[in-house]
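The structure appears below as structure tokens.
Each chain gets a letter, A, B and so on, in the order its sequence line appears, and its residues count up from 1.
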There are 2 protein chains.
Amino acid sequence: MANVSGEMKAAAASPSPCDDCDIRDLAICGTLRLDEVRRLNSIMTSINFAAGDPVVDEGEPADFVYTLTAGAVRLYKLLADGRRSVTGFLFPGDFLGVSIRGNYGASAESITPVTMCRFQRTELERLMEEIPTLERRMFARATEELYLMQEQIVLLGRKSAAERVASFLRGLAERQEKRHLPANPVIVPMTRTDIADYLGLTTETVSRTITQFKSKGLISVESASRIRIVDNDQLDDLAEAV
Amino acid sequence: MANVSGEMKAAAASPSPCDDCDIRDLAICGTLRLDEVRRLNSIMTSINFAAGDPVVDEGEPADFVYTLTAGAVRLYKLLADGRRSVTGFLFPGDFLGVSIRGNYGASAESITPVTMCRFQRTELERLMEEIPTLERRMFARATEELYLMQEQIVLLGRKSAAERVASFLRGLAERQEKRHLPANPVIVPMTRTDIADYLGLTTETVSRTITQFKSKGLISVESASRIRIVDNDQLDDLAEAV
DNA sequence: CGGAGTTTTGATTACGTTCAAATCATGTGG
DNA sequence: CCACATGATTTGAACGTAATCAAAACTCCG
């Protein structure tokens, strides 16, 4: 269950309701002035989720914007008959709920225990009007997201199962490096079914492909959630990096 | 070949270099003041393309931002071995080249004869800083685009061939209505191969699926590029509208 | 008309899915 | 601390959807 810490502290006299997350780590804060960071901080609230908790539901009014500070989250959409499409995974530093449309575009669930910082949308928007740098950074984030989605469209539209899994592993490694973590081993917090729903495949095909990579010596599977990339070049070739 | 009309007129004394396109039709101009519209107009240039012309190349420096005023454009990305993924189609009112990243994320080619308005990116960005409403509208556009891309990810990841083609036809009809045109017949300016590369299928499968819809009485094919939706409800069911 | 490109149709193949079951982790209670 | 239960992962066999290969029919311009 979600445990909201900030709201209680806000009721107390604390001027800074978000102690659990260091705001200076957030990607949006890059070039903000100290007073601007303080104002952003003042509208933040920290929330914890246990593994598997729902965070937001597709279609609900998007009253809050979140940034992930610890853990991993899956985004997904469901078809009427229950088929699921995982549209993305969030790691620390990523945003959730940024859109001008009034409703969340996808549901979100925690994969691991998760800590997030939450902003009331209306307050964040007011702050964005006052701090143009902030708005520009959010815009930059949105276009970065557009780029990644285009890559995913190419993957889903034209890549083979092996190419999809290779691209996926390479992508996880890249994101680890961006977060200043070692690229190896790749930490895979999501299930094979999550991966399958993300890559447009079945659990079985994902599993078989990973086994195949293992026997070809491209990777070594230390555990289901720890995969070491052994032959980076060959994996990159498979991923069809353009 | 691209025919640039505005630049020549700019050399002449004309204060408004973009005569071919009425700027008030552009989606971004909704709530701008008259003087703001004038300033936007002053940095615009009109360009014409013949059918099949390249407009921008993936990876090139994104020096210009375009809006389409007449015709249709396809966006695509290529894999190293030549496989193509069409990431979207543009119709009048749509933008091309909006991103903070320095380079175009996809190539663009005209499908029909096309008229576009072109902005120097640096000038548009300067104007965006001066006119916050403009920036907010561009941001809204970007988030709208994100929503559509998520829909496409669901389509490519989890829908059958028939569902994809049904969704595609429904989408074209919707966009016609948004442009205040009749929803029927659906005008299909792109080739079957374009559609296939957009839906992650082959030309043959697209063609067979359309034939199948025709024989089921869902549509009637007036010509390859004019399709009338006969049984809207059944087509919507197939499209798995959520 | 003529002819190139596009679309449609047909036959076969292949990749990934589906259905089924065994094995492996993970965490819980005795 | 181990036995057990539950869910995740892996492996196996058969199947089906869409791809591939091939060719005919149709469009649409010149």
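For I195(A) and dA8(D), the CD1 to P distance is 13 Å, given to the nearest whole Å. As a whole-Å value, the separation of I227(A) CD1 from dT9(D) P is 10 Å. The interatomic distance linking L199(B) (CG) with dA18(D) (C1') rounds to 13 Å, in whole Å. Between D197(B) atom CG and dA19(D) atom C1' the separation is 13 Å, expressed in whole Å. At whole-Å resolution of the value, CD in E222(B) and P in dT27(D) are 13 Å apart. The nearest whole Å value for the distance from the CD atom in Q212(A) to the P atom in dT9(D) is 18 Å. The nearest whole Å value for the distance from the CD atom in E163(B) to the P atom in dT17(D) is 12 Å.
Taking R226(B) as the reference, E222(B) meet the side chain to side chain donor-acceptor pair (under 3.5 Å) condition, with sequence neighbours excluded.
Salt-bridge annotation for R118(B) and D63(B): absent, with no side-chain N of the basic residue lying under 4.0 Å from a carboxylate O of the acidic one. Look at E163(B) and R170(B) and you find no salt bridge, because none of the NZ, NE, NH1 or NH2 atoms lies under 4.0 Å from a carboxylate O. Look at K216(B) and D231(B) and you find no salt bridge, because none of the NZ, NE, NH1 or NH2 atoms lies under 4.0 Å from a carboxylate O.
For residues 151-179 of chain A, every residue pair satisfying the ring pair (Phe, Tyr, Trp, His ring centres under 6.0 Å) rule, not counting sequence neighbours, is listed here: F168(A)-Y198(A). Counting only residues at least two apart or on different chains, no side chain to side chain donor-acceptor pair (under 3.5 Å) pair has a member in residues 176-186 of chain A.
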Donor-acceptor pairs are to be reported for all side-chain atoms of residues 185-197 of chain B against protein atoms at under 3.5 Å, with residues two or more places apart or in another chain.
{"residue": "T191(B)", "atom": "OG1", "partner": "T193(B)", "partner atom": "N", "Å": "3.4"}
{"residue": "T191(B)", "atom": "OG1", "partner": "D194(B)", "partner atom": "N", "Å": "3.0"}
{"residue": "T191(B)", "atom": "OG1", "partner": "D194(B)", "partner atom": "OD2", "Å": "3.4"}
{"residue": "R192(B)", "atom": "NH1", "partner": "A224(B)", "partner atom": "O", "Å": "3.0"}
{"residue": "R192(B)", "atom": "NH2", "partner": "A224(B)", "partner atom": "O", "Å": "3.1"}
{"residue": "T193(B)", "atom": "OG1", "partner": "T203(B)", "partner atom": "OG1", "Å": "3.2"}
{"residue": "D194(B)", "atom": "OD1", "partner": "R74(B)", "partner atom": "NH1", "Å": "3.4"}
{"residue": "D194(B)", "atom": "OD1", "partner": "R84(B)", "partner atom": "NH1", "Å": "3.4"}
{"residue": "D194(B)", "atom": "OD1", "partner": "R84(B)", "partner atom": "NH2", "Å": "2.7"}
{"residue": "D194(B)", "atom": "OD2", "partner": "R74(B)", "partner atom": "NH1", "Å": "2.8"}
{"residue": "D194(B)", "atom": "OD2", "partner": "T191(B)", "partner atom": "N", "Å": "3.3"}
{"residue": "D197(B)", "atom": "OD1", "partner": "R158(A)", "partner atom": "NH2", "Å": "2.8"}
{"residue": "D197(B)", "atom": "OD2", "partner": "R84(B)", "partner atom": "NE", "Å": "2.6"}
{"residue": "D197(B)", "atom": "OD2", "partner": "R84(B)", "partner atom": "NH2", "Å": "3.0"}

Next on the checklist: Counting primed atoms plus P, OP1 and OP2 as sugar-phosphate and everything else as base, spell out the protein contacts along nucleotides 8-26 of chain C at 4.0 Å heavy-atom distance: B, S or - for each nucleotide, 5' to 3'.
Outcome noted: BBBB----SBBB-------

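Non-hydrogen atoms lying under 4.0 Å from DNA chain D are contributed by nothing in residues 107-114 of chain A.
Residues N48(B) and T115(B) bring a donor and an acceptor atom of their side chains to less than 3.5 Å of each other.
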